[in-house]
There are 2 protein chains.
Amino acid sequence: MPKVTDAYRDARRDKIARAALRCLERKGVHDTSIADIVEESGLSTGAIYSHFSNKAELARYIVGRFLIVRIDALEAAGREGTVLPPRDVLTRMLGILTEDGLPAPLIVQFWGEAMADPDLHAEMTRTAGRLGASLGIAVTPWVRRELGDAASDTAVAERTAQTARTIASLAQGYIANTAIFGPRDVGEYVESVVAALGD
Amino acid sequence: MPKVTDAYRDARRDKIARAALRCLERKGVHDTSIADIVEESGLSTGAIYSHFSNKAELARYIVGRFLIVRIDALEAAGREGTVLPPRDVLTRMLGILTEDGLPAPLIVQFWGEAMADPDLHAEMTRTAGRLGASLGIAVTPWVRRELGDAASDTAVAERTAQTARTIASLAQGYIANTAIFGPRDVGEYVESVVAALGD
DNA sequence: ACCTGAACACCGTTCAAGT
DNA sequence: ACCTGAACACCGTTCAAGT
């Protein structure tokens, strides 16, 4: 297996993907044509099609590589047994997203695309599964404390999965809401949810 | 002004919009072509273009007419002074959405489209404004009770707007999450949010 | 193997002609 | 005024030919 060639291919795919991402941020998913990516990347149509079999596969590559933020720090804290209440996990995850992630409007566009493209949907749930696992690890100490020492491992696992999905859902709500209605302070959002639903 | 003709036009636009909606639910926004709508509606290309100036205007019409559910009952309860905690407003709103609204995946697709189409975005925020106002009316009695009798009208209005946006955000989170990861019981979702964030 | 770019099929939109 | 459907411009994809 020629290692140089593999590295070259990967670099090439990344170059194309990054050029595409610049177009997407500027013009949106619908209005970005292959011609735009050709111009932005400085390559030819055929060059792009020799690295991606079509536009959908390029979108899948971008989703797998850039759509979802890594929350390694939160996961590490969870592994060490640090109790992180869900509201802190949510706040810090949204902070990371706002700083390092793709713009909310672009994320929402990819969600929309995935609704009609089963392969893109599969790629999205695959990467989301990784995030969900991290989220689960991050909240496990909190779940254990909530359920008490008597709780079985399955009960902890079940409650952890439920909590992770809920945090993901709240993050999605923040993303969709800010994408459509404009920016909102992360802390203010989380506090407002607590004030409205907690008691 | 010929009243008959106006009624005819409206009926015609509706016929086209409903045919389009059937296509959208079947094939998704991206894969529904004008040719599909022509076939589904039994009209010709030109007939459609004599009622909508283009595909984007047809999308705007559908969004304004079908995207957002009416929560008249909740609004009426709020007007009568019935105290509805946000969690009840959210639960009942999501119940209405699940029963009468468009499928979640289609809603998410329209969100995505609106991200790159300023006119569709404007139509969406316009209809969302109506929902936001209803949401505000529904929670006003609860906000008054929370803030106490000493609260000024501006304080009530401010907290009402904040709470309405938060409820909308939680609903969007439910929609995006179920669209991508599959169905989830509304009550279980709301309880899980309370358990995770309340205290 | 990677790349070029002209050619092809398809989709949104227009428009001359019909009622 | 509403409608018809062929024609046009544009976009994703292919493919014969080049390195």
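Below, chain A is the first sequence line, B the second, and so on; all start at residue 1.
- Between E40(A) and R26(A) there is a salt bridge, with a side-chain nitrogen of the basic residue lying less than 4.0 Å from a carboxylate oxygen of the acidic one.
- With no hydrogens or angles considered, no side-chain donor-acceptor pair links Y49(B) and N54(B) at under 3.5 Å.
- A salt bridge between R60(A) and E57(A) is absent, with no side-chain N of the basic residue lying under 4.0 Å from a carboxylate O of the acidic one.
- In this structure, the separation between SG on C23(B) and CG on D31(B) is 11.5 Å, given to the nearest 0.5 Å.
- Pairing partner, dA6(C): dT14(D), with both Watson-Crick or wobble hydrogen-bond distances short of 3.5 Å.
- With a 6.0 Å radius and a threshold of 12 heavy atoms from other residues, nucleotides or ligands, E188(A) has its CD atom above the threshold.
- Searching all strands for a Watson-Crick or G-U wobble partner of dT19(C) with both distances below 3.5 Å returns dA1(D).
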| Where protein sits on nucleotides 2-16 of chain C, one letter per nucleotide: B base, S sugar-phosphate only, - none, heavy atoms under 4.0 Å | SSBB-----SSBB--

